[in-house]
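Read through the structure below, which is laid out as structure tokens, and then see the notes.
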Amino acid sequence: MAEIFLGGESLREQLHPLTTPEMAFQSYRRLAGDKEERSLQRDAFLAGEVVNPALDYPKLDENELRNGISVLGEVLKLAEAQPDETTKEAIWDSAAYRMAEMYWLLSAKDLIDRHSDMSQHELDQRAGYVQNLNEQLYGKPDQDLYASIVSEIWRQIDDKELVGRGQQIKLELEQGVAVRAGGKDTAVSPLNRNESAPLDPIPQELLDYLEQKILTDNPDLEPTIQQYWDEYIATRPSEDQHFTVDDMYAVFSLVHQQRDPDNSSGIQVMIDPSATALSWETEQMAVVIGGKRGPIYSTKVMLSKVVHEYIIHAGRAMSGIGSDVPVLGTGLYTAADPGEVSDYLMFEEGLASSCEKAATGEDTSWDAANLERYAAYGLAYEGNNFRQVFEVLWRARVLLKTQSGEEPSEELITAAQKNTYAACVRIFRGSPTDLGDRSTDQEQPTKLLTFNKDLVYMEGKQRVIAFWEQNKDDPRMLDLIFKAKFDPTNKRQLALVERVMGDS
């Protein structure tokens, strides 16, 4: 694809994801598995037939990754040719980050393919190398934040009157438990209490501001969604009054048409028949609606999804890609000083999920999904394998979801186990999950590998809260964060966006 840089296209055209998708490369997409195979592994795991699942990676293609590295090498040359030093650094750093992700995936693939034939010494070396690359790209869990999350989990549990099975599950969470799976017993450590203060709630003032900001800047959103409901959904039988996948497609398409009727941005709304999620995909510059996604039952929730995926993710892409520095639309990566992060994604995910929460009018407390994913990293870094992390966290999730004075139902327990399993897959994907079994009798077992990209969700929310506290009286700064894919708490990124887009 190097020939794309030899024509007369503008820099914006050359670096647009539809021309050079490598500039919007997403590593997690290469870690997806065959849906049927992954379902079989999940069912075997939940039934206790195996200690840990064996995850497949049919999309982890070495040729694609090496071709991508070659294309990004040409982007680095393009960056070097830019006369403006700031633009050059922004393009170079962003391309180099995507290239580093591809090199990490190549290393992970090598470990996945060859780990069963490696000596223990080689396995330890290779696993350490792959994990180190992962941590350089995505960071490590903050131990103070992890401790506060554990304290928050226990605070919410202790506030409830637990009865019946709930009391037993709490005892297992406090004292640990032995679990029979794969024909052997696995010791599961307790979720240890600590002296850290629980997480502060999300400031209500922040949520109120975001809700007002979104609806003031986008006055068409609520009327558009309500009108669609009134005209198409409210006329159906009561059991069918919800947003289906086709309805979601129609609503997102209406919102996009109102903002970009000629589609000059190249943004698309798509249905992926095999997917279950609703997501923004920068590589495709598309809001992708999973064909297997469950229905949405209210206009309020539909509004929150439009805010998250379109107003924040797609909106920042649309605005940034149209600037003089098009990497502001695919995601900015730069050097970072101590206390800063180098990538745009952490702040963006924090902003998107905070705006979604504001749009739904939910309370300021932390829910199970917010707490669980970060706690999973903390437990993994304590030396727990997939099974052990799962056994701790499904119990915590059940207790967080159980109403005070009510016994948890089998339906609640089953749902919690499936949700926690999915969370564990997210943090352990990209690695052979049986490494812990390989070293059971070793004094220093091989450290399990993690995929640390999901750290951005909780840390991103914390970063947005801190940004708000420092800038809530500065409307200019609060406007700027919606205009590009950058992190305003990184001084280099903020300076670039202020120069390029500060007056837009």
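Just so it is clear, the model here is predicted, and its values are computed rather than measured.
Proximity of a side-chain donor or acceptor of N384 to a complementary backbone N or O of L379 within less than 3.5 Å is detected. Within the 3.5 Å criterion, the main-chain N or O of H313 finds a donor-acceptor partner in the side chain of K485. A distance-only check finds a donor-acceptor pair linking the side chain of Q82 to the backbone of L78 [under 3.5 Å]. With hydrogens and angles ignored, the 3.5 Å screen pairs a side-chain donor or acceptor of N490 with a backbone N or O of Q493. At least one donor-acceptor pair under 3.5 Å links the side chain of T360 to the backbone N or O of K357. Between the side chain of R98 and the backbone N or O of F25 there is at least one donor-acceptor pair closer than 3.5 Å. Panel note: side chain H256, backbone V269; no donor-acceptor pair is recorded below 3.5 Å. Without hydrogens or angle criteria, R12 side chain to G322 main chain gives a donor-acceptor distance under 3.5 Å. The backbone N or O of V325 sits less than 3.5 Å from a side-chain atom of S323, completing a donor-acceptor pair. Using modelled atom types, no side-chain atom of E340 and backbone atom of D487 make a donor-acceptor pair closer than 3.5 Å.
With contacts defined as side-chain heavy-atom distances shorter than 4.5 Å, the pair D247/I233 qualifies. A 4.5 Å side-chain heavy-atom check between K305 and I225 finds every atom pair outside the cut-off. Between Q26 and Q284, every side-chain heavy-atom pair lies at or beyond the 4.5 Å cut-off. Side-chain contact check for W468 versus L478: some heavy-atom pair is nearer than 4.5 Å. Side-chain contact between Y381 and Y146: absent, with no pair of heavy atoms (C-beta onward) separated by less than 4.5 Å. Side-chain atoms of E349 and K453, non-hydrogen and from C-beta on, never get closer than 4.5 Å to each other. For the pair D337 and R492, the minimum side-chain heavy-atom distance is below 4.5 Å. With contacts defined as side-chain heavy-atom distances shorter than 4.5 Å, the pair Q14/I91 does not qualify.
Rounding to the nearest 0.5 angstrom, the gap separating the CD1 atom in I267 from the CZ atom in R259 is 11.0 Å. The distance from atom CZ of R126 to atom OH of Y129, rounded to the nearest 0.5 Å, is 6.5 Å. With rounding to the nearest 0.5 Å, the separation of CG in D144 from CD1 in I149 is 11.0 Å. Rounded to the nearest 0.5 Å, atoms CG (N419) and CZ (R373) are 10.5 Å apart. Rounded to the nearest 0.5 Å, atoms CZ (R476) and CG (N471) are 9.0 Å apart. Expressed to the nearest 0.5 Å, how far CE of M285 lies from NE2 of H16 amounts to 4.5 Å.
Each of Y57, W104, Y28, Y377 was scored for a ring pair (Phe, Tyr, Trp, His ring centres under 6.0 Å) with F451, with one residue passing: W104.
Across every non-hydrogen atom of S107 and V130, the tightest pair is O-CG2, 3.7 Å. Minimum heavy-atom separation, R38 to D56: NH2-O, 2.6 Å. Nearest heavy-atom pair across F486 and L480 is CE2-O, 3.5 Å. Nearest heavy-atom pair across T364 and P203 is CG2-C, 4.4 Å. When all heavy atoms of R316 and F482 are compared, the pair lying nearest together is CG-O, 3.7 Å. Across every non-hydrogen atom of S265 and M318, the tightest pair is CB-CG, 3.6 Å.
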| query | Can you check side chain to side chain contact (heavy atoms under 4.5 Å, CB included) on F467 and L351, steps first, answer last? | reply | CA-CA 10 Å; F467 173 81; L351 179 63; over 6 Å; no
| query | Please walk me through it: do S264 and D262 pass side chain to side chain donor-acceptor pair (under 3.5 Å)? | reply | CA-CA 5 Å; S264 59; D262 298 326; over 6 Å; no
| request: Kindly indicate, with the supporting measurements, whether the criterion side chain to side chain contact (heavy atoms under 4.5 Å, CB included) is fulfilled by D84 and R499. | output: CA-CA 12 Å; D84 178 73; R499 183 178 72 93; 3.0 Å; yes
| request: Evaluate side chain to side chain donor-acceptor pair (under 3.5 Å) for D208 paired with Q212, printing each intermediate quantity in order. | output: CA-CA 6 Å; D208 291 344; Q212 182 180 13; over 6 Å; no
| message | Walk me through whether L55 and E37 qualify under side chain to side chain contact (heavy atoms under 4.5 Å, CB included). | response | CA-CA 8 Å; L55 302 179; E37 175 61 25; over 6 Å; no
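Checked against the 6.0 Å centroid criterion, the rings of W394 and Y421 do not qualify as a close aromatic pair.
With respect to the salt-bridge test (charged N to carboxylate O, under 4.0 angstrom), the residues D272 and K292 do not qualify. A salt bridge links R30 with E283: the closest approach of a Lys/Arg side-chain nitrogen to an acidic carboxylate oxygen falls below 4.0 angstrom. Using a cutoff of 4.0 Å between basic side-chain nitrogens and carboxylate oxygens, D61 and K109 are not scored as salt-bridged. Between K483 and D479 there is no salt bridge, since none of the side-chain N atoms of the basic residue sits less than 4.0 Å from a carboxylate O of the acidic one.
Sparse packing is recorded around NZ of K77, with 12 or fewer heavy atoms of other residues, nucleotides or ligands lying under 6.0 Å away. Within a 6.0 Å sphere centred on NZ of K401, heavy atoms belonging to other residues, nucleotides or ligands number 12 at most. Environment of NZ in K300: crowded, with over 12 heavy atoms of neighbouring residues, nucleotides or ligands closer than 6.0 Å.
No side-chain donor-acceptor contact under 3.5 Å links S279 and E309. Of the N and O atoms on the side chains of E372 and T420, at least one donor lies less than 3.5 Å from an acceptor on the other residue.
A cation-pi arrangement, defined by a distance under 6.0 Å to the six-membered ring centre and an angle within 45 degrees of its axis, is absent between R426 and Y374.
Between W229 and F243, the ring-plane angle classifies as tilted under the 30° and 60° cut-offs.
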